[in-house]
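Read through the structure below, which is laid out as structure tokens, and then see the notes.
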Amino acid sequence: MRYFNWCASLFAFALLIVMSAGSAQAQATRTWVSGVGDDANPCSRTAPCKTFAGAISKTAPAGEIDCLDPGGFGAVTITKSLTIRCVALEAGVLVSGTNGINIVAGAADQIVLYGLDIEGLGTGIDGVKIFSAGAVYIFNTTIHHFTGNGVNMNSTVASSRVFIQDSIITENAGGVNVNGNGVANVGSISKTLIDGNTSFAVQANGAGNIVAFARSILSNSPTGISLLGGGTSVCFGPSNIITGAGACSSSPTFR
């Protein structure tokens, strides 16, 4: 009996090691998506997944999802530090009646979105909705045709930041909204076109919420800069083009 119990314990221990090893191998530092991939794949370069949602569960925290070729990779909810990078490709996120990308991450988490085309088809809500995060970086991305905001910074994390650079945000209800959820958040915009949004180009709503921009164009909206409830805006340098109602709270010299 003792021998039997010893064998059973040894088998259980070995099984635990195997299961732990399998779990550790389930997430990779870098994963891949392809327009002809399959979410049943391990998301490796030679066996890519088809969607961002399929790849994210197989990507380790602080890892990266890369695009192998053009495709529509679908909406995704990001819950950890992560980079989605699609360079010189058409990487589409096409949604209807929902948000394009939801970010529900930790206070220290950093998320990078690079090279995406986020399309709301006239019924999507927000292009990028930030519920919580430390910092979100949006580069070389196009966001359009959402009934809400192109980017909606509504984080519950105090001093949460969103940085937008070299991007195009057009034909939404609002362009970039910074409206911390019970706390103050910050939006920073550089070398970006925010055009033709039906309500406002940029908005800071609530005390302590700040939107700052440099070398950007805010055009063809009835309100270029919307400041509500004590929100403020900072315009760096003479390099911005702004049309519509509203004005900068301050304009320090760009240096």
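What you are looking at is a predicted structure, and each value in this text was computed from that prediction instead of being measured.
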Look only at the side chain of [X] and the backbone of [Y], and say whether a donor-acceptor pair between them is shorter than 3.5 Å.
| X | Y | answer |
| --- | --- | --- |
| Gln165 | Ile189 | no |
| Lys80 | Ile56 | yes |
| Asn154 | Asn179 | yes |
| Thr147 | Gly124 | yes |
| Ser239 | Arg215 | yes |
| Asp109 | Gly134 | no |
| Asn185 | Val157 | yes |
| Thr170 | His144 | no |
| Asn152 | Lys129 | no |
| Asn197 | Ile169 | yes |

**Sole candidate of Asn209, Asn177, Asn149 that passes side chain to side chain donor-acceptor pair (under 3.5 Å) when paired with Gln203** =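 It is Asn177, the one option of Asn209, Asn177, Asn149 that forms the side chain to side chain donor-acceptor pair (under 3.5 Å) with Gln203.
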Rounded to the nearest 0.5 Å, what separation is found between the [atom1] atom of [X] and the [atom2] atom of [Y]?
| X | Y | atom1 | atom2 | value |
| --- | --- | --- | --- | --- |
| Thr232 | Ile210 | OG1 | CD1 | 4.5 Å |
| Arg161 | Ser188 | CZ | OG | 10.0 Å |
| Ser221 | Ile194 | OG | CD1 | 8.5 Å |
| Ile138 | Thr192 | CD1 | OG1 | 9.0 Å |
| Cys248 | Leu227 | SG | CG | 8.5 Å |

Could you tell me which non-hydrogen atom of [X] sits nearest to which non-hydrogen atom of [Y], and how far apart they are?
| X | Y | value |
| --- | --- | --- |
| Ser190 | Ser216 | C-OG, 3.6 Å |
| Leu218 | Gly224 | CD2-O, 3.7 Å |
| Ile125 | Gly97 | CD1-O, 3.8 Å |
| Ala133 | Ser155 | N-OG, 3.5 Å |
| Gly74 | Val93 | O-CG1, 3.6 Å |

**Request:** Examine Val136 and Val112 and state if one hydrophobic cluster contains both, with Ile, Leu, Val, Met, Phe, Trp and Tyr joined whenever side-chain heavy atoms are less than 4.5 Å apart.
**Result:**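 Each belongs to a different hydrophobic cluster.
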**Request:** List for me each residue that meets salt bridge (charged side-chain N to carboxylate O under 4.0 Å, His left out) alongside Arg85, sequence neighbours excluded, and say none if there are none.
**Result:** Glu64
**Request:** For the pair Val33 and Thr31, evaluate side-chain contact (heavy atoms from CB on, under 4.5 Å) and give the outcome as yes or no after the intermediate values.
**Result:** CA-CA 7 Å; Val33 293; Thr31 56; over 6 Å; no
**Prompt:** Are Val234 and Pro252 close enough that some pair of their side-chain heavy atoms sits under 4.5 Å apart?
**Reply:** yes
**Thr141-Ser167 side chain donor-acceptor pair, cut-off 3.5 Å** = no
**Asked** So, Ser34 and Asp69: side-chain donor and acceptor under 3.5 Å apart, yes or no?
**Response** yes
**Asked** Between Phe73 and Phe52, what is the ring plane arrangement, given parallel below 30°, perpendicular above 60°, and tilted in between?
**Response**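 The arrangement is tilted - the two ring planes meet at 30° to 60°.
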**Item:** Evaluation steps, side chain to side chain donor-acceptor pair (under 3.5 Å), between Ser219 and Asp195
**Value:** CA-CA 5 Å; Ser219 57; Asp195 181 78; 2.5 Å; yes
